[in-house]
Protein chains: 2
Amino acid sequence: MKHNFGAGPCILPQEVFKAASEAVLDFNGLSILEISHRSPDFVKVMEEARENVKKALDIPKGYTVLFLQGGASLGFLISAMNMAGKHKKAGYINTGAWSTKAIKEAKNAGLEVVEVASSEDKDFSYIPKVDDIPSDIDFLHYTSNNTIAGTQFKSIPDTDVPLVCDMSSDIFSMPIDVSKFDIIYAGAQKNLGPAGATLYIVKESILGKSTVDIPTYLDLQVQHKKDSMFNTPPVFSVFVSNLNLKHLLNNGGVDAMEKKNKEKAELLYNEIDSNPNFEGATAVEDRSLMNVTFRLTDENKKEQFDKLWNEGDIVGLKGHRSVGGYRASMYNALSVESVKALVNIMKSL
Amino acid sequence: MKHNFGAGPCILPQEVFKAASEAVLDFNGLSILEISHRSPDFVKVMEEARENVKKALDIPKGYTVLFLQGGASLGFLISAMNMAGKHKKAGYINTGAWSTKAIKEAKNAGLEVVEVASSEDKDFSYIPKVDDIPSDIDFLHYTSNNTIAGTQFKSIPDTDVPLVCDMSSDIFSMPIDVSKFDIIYAGAQKNLGPAGATLYIVKESILGKSTVDIPTYLDLQVQHKKDSMFNTPPVFSVFVSNLNLKHLLNNGGVDAMEKKNKEKAELLYNEIDSNPNFEGATAVEDRSLMNVTFRLTDENKKEQFDKLWNEGDIVGLKGHRSVGGYRASMYNALSVESVKALVNIMKSL
């Protein structure tokens, strides 16, 4: 049994893998890979998955849930196109590689972009203060958790401007107040399911109000009207996401996850702070509960440490190439025991 | 064991389902659903899959193979945007629902569209003659096989204009001369793999030459430069597609498939033509080898026939809602035995 600290696609519950594996062989008499997306069996899966997202996040009325494709990378474009309003101007908080890409696509969508706040001055190692939000923007966009830098917003920016958020890497890790957002989008491959699906949670009142031309696939109003089945959806990714959502709901939901994720983060950050061999890579108050970035204080110990964790069946600990050091991603399905295994290895260095 | 005549997502070889099911539990020590797309294990899968497409279709040098997302529905837009040239004008052959949607997206990409030929006058029940192709267009687009109508091009349109083809439903069913095309695209969920991946075969010399602005995800040059890993790909769909490609190559490749598909089509069309209870729904010379559309000559026998095939473990035979009647889709993995089972049921009516 390996301890999978990979940054995503990432670990999911073993029960989910087991049920998914079985459905590849037999799902009501056929393989889940060969059933029509228009069959009653799959339409039910899609509807259940959409409902389970609503249940898991306690989403208020007036929101639609969609499973599309293209990852957050296409989501950068889709969210900007669908939110374009009378100003054709948007505010972006720049907290790293993903925000930077989101800004680029907003421009590709034909919008003027105001960088409302940025932490680029210190290699995105902190979450910038957001004091001055212009009022003549159509929306404010931010990335709730930064997988590469290892930072995370601890609260939702306080503003009257419509909010759009890329929650790819921390959605379902804790409760969120969906009512504060116009669009939330998230690649599935962290706490939702396998790669190949992208989740959109969209306030229905924004649909059809864009001031730019939107190609059909990218139009959330079309996708909503077609009940997330405008074209063939990523059947298996939606199916496994639904298995995982059911597992989440049966195990205490996002409240239980938040508790577990805090426990894991405390274990690991405590070790980083108390062990002289290590140091955290971000501002303490902005530390991510999902992706813990840290460094050796003495680079000469790299070979020794790498040997230790590799032999300890730990995988996925290498930091992102743009940051270096180490990154322990601790998504929902990673057990406290896996974190303890890592901490013990760190102690043994 | 059911006989799956579904139009797609469709049947794949049982060996592929078995291997896919195992990999969900264990692929080099982790589930295929939890491995990083940047891990050497998956990079190898992606490279193998791209190479196996080249092998299977005997693709000449100068073409790149990409696995993207969004289905043919996003492919309509991607192909038009990337092929936009100095005329900003394209020719489309309209052979049904899919061509009609492709035309709409070409317009969304900012192109003027000339409908070079159409079979709309007879509900798309035939493939129109293409005599008069204007020379002032950037490319000519067609749909090689029409899943809804049940028609199929028997030859590649003869023209000097660059060709773009949506081959979603007949790619890998027979050899094709890839050198005639600038872009071929295809949703995976017929003869390639499970839903969630979309194949692009692109002449490298067209990359970066578009005359319209292309958002990053939709830019084939970006996707090519990133080796089909601009962002997280649909890992599992690519993995299973590669399993299926290996199965294809180990079983005689597209030549053997063409032979098998002709045999199956002959069996079924012979029955339709010789059994007074049935009639084909398309022009005889344009009949699809993949999707056989037919009707009862006496609608009063509908209940009886539906009972017979349902009891005979046949699934997916209902015609598309826009056409009615029946549709027997006979993709590569459907066995001759399954077709014989259907023919026997038709005989018993």
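Below, chains carry the letters A, B, ... as their sequence lines are ordered, and counting in each starts from 1.
Using non-hydrogen atoms only and a strict 4.5 Å limit, no part of residues 325-333 of chain A faces chain B.
Side-chain contact check for A:T100 and A:N94: at least one donor-acceptor pair (N or O, by modelled atom type) lies under 3.5 Å. Checked by atom type, the side-chain pair A:T143/A:S99 shows a donor-acceptor distance below 3.5 Å.
Neither the backbone nor the side chain of A:V238 comes within less than 4.5 Å of any heavy atom in chain B. Contacts of B:V240 with chain A are made by side-chain atoms alone, with heavy-atom separations under 4.5 Å and no backbone atom involved. With a 4.5 angstrom heavy-atom cutoff, B:V16 does not touch chain A via any of its atoms. With a 4.5 Å cut-off on non-hydrogen atoms, B:F236 touches chain A through its side chain but not through its backbone. Neither the backbone nor the side chain of A:K107 comes within contact range of chain B, judged by heavy atoms closer than 4.5 Å. With a threshold of 4.5 angstrom between heavy atoms, A:L218 approaches chain B through side-chain atoms but not through N, CA, C or O. For B:I35, the part sitting under 4.5 Å from any heavy atom of chain A is the backbone (N, CA, C, O) and nothing else. The parts of B:S73 that come within reach of chain A are both its backbone and its side chain, each placing non-hydrogen atoms under 4.5 angstrom from that chain.
A heavy-atom distance below 4.5 Å is not found between the side chains of B:F67 and B:P233.
Contact count against chain A (heavy-atom pairs under 4.5 Å) is highest for B:N108 among B:T198, B:N108, B:I214, B:D213. In terms of heavy-atom pairs under 4.5 angstrom with chain B, the leader among A:E34, A:Q69, A:Q189, A:H37 is A:E34. For chain B, the option among A:T232, A:I32, A:T216 with the highest count of heavy-atom pairs below 4.5 Å is A:T216. Interface summary for chain B: among A:G70, A:P234, A:S31, the most heavy-atom pairs under 4.5 angstrom belong to A:G70. Heavy-atom pairs under 4.5 Å with chain B peak, among A:V235, A:L77, A:N4, at A:N4.
How far CZ of A:R38 is from CE of A:M229: 6.0 Å, rounded to the nearest 0.5 Å.
Checking each of A:L111, A:V164, A:L220 against A:M83 for a side-chain contact (heavy atoms from CB on, under 4.5 Å) leaves exactly one that passes, namely A:V164.
Here the two rings, on A:F239 and A:F27, have centers that are under 6.0 Å apart.
Using bins of under 30°, 30° to 60° and over 60° for the plane-to-plane angle, the ring pair A:H141/A:F76 lands in the perpendicular bin.
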Go through it in stages, so that I can follow the logic: the residues are B:S39 and B:D41, the test is side-chain hydrogen bond (donor to acceptor under 3.5 Å, both in side chains), and I'd like the CA-CA distance, side-chain angles, deciding distance and then a yes or no. CA-CA 5 Å; B:S39 64; B:D41 283 351; 5.5 Å; no
Begin with the C-alpha distance, continue with both residues' side-chain angles, and end with the deciding distance and a verdict on salt bridge (charged side-chain N to carboxylate O under 4.0 Å, His left out) for A:K101 and A:E105. CA-CA 6 Å; A:K101 288 180 186 218; A:E105 292 323 299; over 6 Å; no
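Checking side-chain atoms of B:S21 against main-chain N and O of A:V24 turns up no donor-acceptor pair under 3.5 Å. In this structure, B:N145 contributes its side chain and B:D170 its backbone to no donor-acceptor pair below 3.5 Å.
More than 12 heavy atoms of other residues, nucleotides or ligands sit less than 6.0 Å from atom CG of A:D313.
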